[in-house]
Number of protein chains: 2
Amino acid sequence: MALIVQKYGGTSVKDVDRIRNVAQRIKKTVDEGHQVAVVVSARGGVTNELVARAKELNPRPDEREMDMLLACGEQETIALTAMALHALGIPAVSRLGYQAGFRTDAAHTRARIRDITGGDIPDRLAEGKVVIVAGFQGQDEEGEITTLGRGGSDLSAVALAAGLKADVCQIYTDVEGVYTADPRVVPNARKIEEISYEEMLELASMGSKVMQARAVEFSQKHNVVFEVRSSFNHNPGTIVKAEVPSMEDVVVSGVALDKNQAKIAVSDLPDTPGTAAKVFKALGDANVLVDMIVQNIGRGGAANLTFTVSKDDVHRAVEAVEKSLTEMGGGTVNYVGDVAKVSVVGVGMRSHAGVAATLFSILADNGVNIQMISTSEIRISVAIELEDAVKACQAVHDGFGLDK
Amino acid sequence: MALIVQKYGGTSVKDVDRIRNVAQRIKKTVDEGHQVAVVVSARGGVTNELVARAKELNPRPDEREMDMLLACGEQETIALTAMALHALGIPAVSRLGYQAGFRTDAAHTRARIRDITGGDIPDRLAEGKVVIVAGFQGQDEEGEITTLGRGGSDLSAVALAAGLKADVCQIYTDVEGVYTADPRVVPNARKIEEISYEEMLELASMGSKVMQARAVEFSQKHNVVFEVRSSFNHNPGTIVKAEVPSMEDVVVSGVALDKNQAKIAVSDLPDTPGTAAKVFKALGDANVLVDMIVQNIGRGGAANLTFTVSKDDVHRAVEAVEKSLTEMGGGTVNYVGDVAKVSVVGVGMRSHAGVAATLFSILADNGVNIQMISTSEIRISVAIELEDAVKACQAVHDGFGLDK
């Protein structure tokens with residue numbers, strides 16, 4: 001008998017039929033003799049509906065009230081899921097975030113988990129009940145309802161698994177696991193059996209939005225092994241866990257594509273110390289995350305600066321940069337355009353030289369120009385023309401032998 | 001400056017526009033210099049939707065889970081109402097039932113209030129905030145969410161008014177107050193200015209469904225004066241309070257009509273002691289509330305028994321009676337049919353004789369046959385043919401001078 005935490009996302013509990021399907025899956029696990037605690041999200045679409053209603057009443061709704069409002073979504077699902085289990089003859093009881101002992105800080109709409117006690121869940125599990133826990137929500141020290149931010153139910157699930165010292169944590173979603181590349185872009189992408197937290201984080205932050213990065217970070221910190229798998233079939237998924245030596249045999253585990261990047265080029269900056277710093281400080285103050293950066297010296301000694309930001313931030317970014325240029329009395333924003341970012345990720349890179357060289361030659365052989373480069377210990381990313389994105393992904397995927 | 005509790009029902013907060021209207025009304029009260037605590041129901045229709053979804057998953061949903069599910073409805077409204085007030089520049093904060101200190105017993109879906117502490121509401125009011133409280137919900141000793149039953153938000157409002165020692169309690173609804181008769185039946189019915197708890201209770205239980213009887217009983221017990229008024233205009237409503245001597249000047253304050261009654265006639269019961277008792281015990285065991293009863297002796301000394309029940313219970317009632325007749329070895333259910341019940345209500349009846357005589361002669365003058373009669377200290381009811389209902393109501397209303 002194992003203690004299993006299962007998490008079902010909004011797509012998996014979208015309507016009454018899907019909730020019934022989830023109940024069947026839970027029953028199967030119970031019938032196999034396991035104790036089961038389940039974390040569910042709001043029914044797909046419900047959160048967006050609630051947000052729309054709020055914004056109609058108030059374009060800038062209070063964050064505390066937003067949490068009060070959004071917490072309804074998961075509350076509905078836990079009750080319905082418990083009822084569906086009862087209909088199958090499985091004893092079950094629902095628990096809200098605060099009842100499950102999710103204590104958070106008071107940062108409404110993006111609260112951080114401080115502690116997860118599990119409340120009375122161990123007792124209920126010991127009685128043979130399935131416990132259905134509302135994901136995404138907690139309570140601060142003042143007794144106010146908080147939420148963990150979009151995708152927070154993943155975080156709830158791994159935190160609950162840590163709090164209950166569960167044997168297994170299964171994240172059920174609408175994909176079958178983590179792939180060597182997005183199968184919609186690279187048709188011969190393969191499902192990865194095992195992957196390290198670091199690789200999962202790099203892939204997640206690079207646009208493979210299987211799971212929220214905070215949930216992966218939490219798992220890494222608390223050493224929660226979890227499996228990403230589909231709620232629509234019974235295939236094994238991808239196990240995410242701490243790095244083990246054998247993982248290093250694979251130099252590259254996946255290729256990620258991010259088409260949501262914009263490039264901003266600034267030229268003729270005065271070539272004096274601190275000008276670039278001032279530009280990036282202005283961007284930071286405007287809450288713009290800068291990704292890749294290239295700086296070089298142009299004609300006449302003036303500095304040129306090129307960097308990428310998320311497309312959603314591009315207007316805010318240009319505004320901030322122009323303001324700081326005016327203050328410095330020099331430089332012009334002279335180019336803004338969309339780019340794609342292709343990344344190769346793998347813990348094996350640490351011990352294998354030459355990954356960058358291989359990547360660049362694959363791209364060159366396929367006629368893809370590299371505009372910018374950035375790296376981390378286990379990742380190399382290049383910015384390229386948006387129209388080269390698919391070709392580049394396929395070439396890199398197969399060039400690193402990920403199709404085998 | 002007064003402390004005012006206002007309650008807005010589901011129709012008044014049905015959609016974003018109506019919530020905005022409610023926020024405007026609250027703002028008006030705040031602008032007049034008052035402290036305001038507001039109790040709201042779920043948006044009209046939401047509770048029914050949730051129930052429908054639950055029943056699709058489980059025809060007999062667990063009552064604890066039902067409470068978990070239904071409590072979402074009010075949670076949504078309190079957050080939206082607070083946001084709408086913020087948009088008008090009014091500081092406001094929402095509170096769930098348990099946060100407002102509604103402690104109940106553990107009778108899920110029909111919990112009784114044990115205690116209402118008000119939580120931190122007095123502090124928030126003192127800070128100049130409007131506090132928006134979720135009606136209908138509380139928490140039991142185990143920390144489980146409970147609900148007070150349909151219409152429970154009225155109860156929440158008067159209980160909160162009692163707990164906070166409010167100066168005024170206003171129940172906003174979709175009617176303008178309590179009328180001398182249902183204006184859809186009796187077009188010249190008038191709004192009553194003041195009415196006693198007892199009269200309100202008799203009118204409510206007789207089909208004038210302005211307010212849940214439990215809320216009126218609670219008000220009576222805790223001496224909470226409240227006003228029933230419309231959320232769609234600014235007209236004064238009806239004040240409901242303890243009986244005062246001047247109320248006795250009015251012999252009849254209102255006429256109530258209940259068209260949801262069925263009559264069941266049983267004949268040829270063995271005329272031995274205890275047969276009627278056995279029939280009514282069987283009905284009680286089947287959870288059927290019997291209203292009016294007539295017993296007489298028919299041909300050959302056999303007893304006949306006629307009684308009325310709610311139409312919804314008629315099949316269960318007939319089944320129970322037939323079973324008990326089989327056991328007694330005698331008697332047949334020989335008539336089942338719909339009837340209307342017309343009641344006149346008034347605390348003045350206590351001190352004025354002859355109300356029954358006046359009622360019967362008004363009905364006789366209008367050619368309405370009386371089938372059964374029942375009375376309480378401040379009410380006389382008659383069962384009549386369903387098709388005579390409207391004519392009888394109008395005649396009785398005008399006959400007792402309620403049109404003046």
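Just so it is clear: chains get the letters A, B, ... in the order the sequence lines come, proteins before strands, and each one is counted from 1.
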*For each of A:P61, A:A54, A:P59, A:A79, tally heavy-atom pairs with chain B at distances under 4.5 Å, and name the one with the top tally.*
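Heavy-atom pair counts peak at A:A79.
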*Between A:C72, A:G143, A:A82, which residue shows the highest count of heavy-atom pairs closer than 4.5 Å to chain B?*
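Result: the option with the highest number of such pairs is A:C72.
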*Not counting sequence neighbours, which residues clear side chain to side chain contact (heavy atoms under 4.5 Å, CB included) with A:A161? List them please.*
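So A:A161 forms a side chain to side chain contact (heavy atoms under 4.5 Å, CB included) with A:V5, A:A166, A:C169, A:V224.
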*asked:* Between B:I145, B:I132, B:L88, B:L70, who has the most heavy-atom pairs with chain A when the cutoff is under 4.5 Å?
replied: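 When all of B:I145, B:I132, B:L88, B:L70 are compared, B:I145 has the most.
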*Engaged part of A:A92 at the chain B interface, taking heavy atoms whose separation is under 4.5 Å*: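 Only the backbone of A:A92 comes within 4.5 Å of chain B.
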_Using the rule side chain to side chain contact (heavy atoms under 4.5 Å, CB included), only one of A:L80, A:I78, A:V93 pairs with B:M68; which is it?_
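Checked A:L80, A:I78, A:V93 against B:M68; only one passes side chain to side chain contact (heavy atoms under 4.5 Å, CB included): A:I78.
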_For B:L96, which atoms come within 4.5 Å of any heavy atom of chain A: side chain, backbone, both, or neither?_
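Both parts, backbone and side chain.
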I'd like a table of all donor-acceptor pairs linking chain A to chain B (distance under 3.5 Å, no angle check), giving the atom names and the distance to one decimal.
| residue | atom | partner | partner atom | Å |
| --- | --- | --- | --- | --- |
| A:R20 | NH2 | B:E56 | O | 2.9 |
| A:R53 | NH1 | B:E76 | OE2 | 2.5 |
| A:E56 | O | B:R20 | NH2 | 2.9 |
| A:N58 | ND2 | B:M83 | O | 2.9 |
| A:R64 | NH2 | B:S94 | O | 2.7 |
| A:R64 | NH2 | B:S94 | OG | 2.9 |
| A:E65 | OE1 | B:S94 | OG | 2.5 |
| A:E65 | OE2 | B:S94 | N | 2.9 |
| A:E65 | OE2 | B:S94 | OG | 3.4 |
| A:M68 | O | B:Q75 | NE2 | 2.9 |
| A:Q75 | NE2 | B:M68 | O | 2.9 |
| A:E76 | OE2 | B:R53 | NH1 | 2.4 |
| A:M83 | O | B:N58 | ND2 | 2.9 |
| A:S94 | N | B:E65 | OE2 | 2.9 |
| A:S94 | O | B:R64 | NH2 | 2.7 |
| A:S94 | OG | B:R64 | NH2 | 2.9 |
| A:S94 | OG | B:E65 | OE1 | 2.5 |
| A:S94 | OG | B:E65 | OE2 | 3.4 |
| A:R95 | NH1 | B:E144 | OE1 | 3.4 |
| A:R95 | NH1 | B:E144 | OE2 | 3.3 |
| A:R95 | NH2 | B:E144 | OE2 | 3.2 |
| A:Y98 | OH | B:Q139 | NE2 | 3.4 |
| A:Q99 | NE2 | B:G143 | O | 3.0 |
| A:Q139 | NE2 | B:Y98 | OH | 3.4 |
| A:G143 | O | B:Q99 | NE2 | 3.0 |
| A:E144 | OE1 | B:R95 | NH1 | 3.3 |
| A:E144 | OE2 | B:R95 | NH1 | 3.2 |
| A:E144 | OE2 | B:R95 | NH2 | 3.2 |

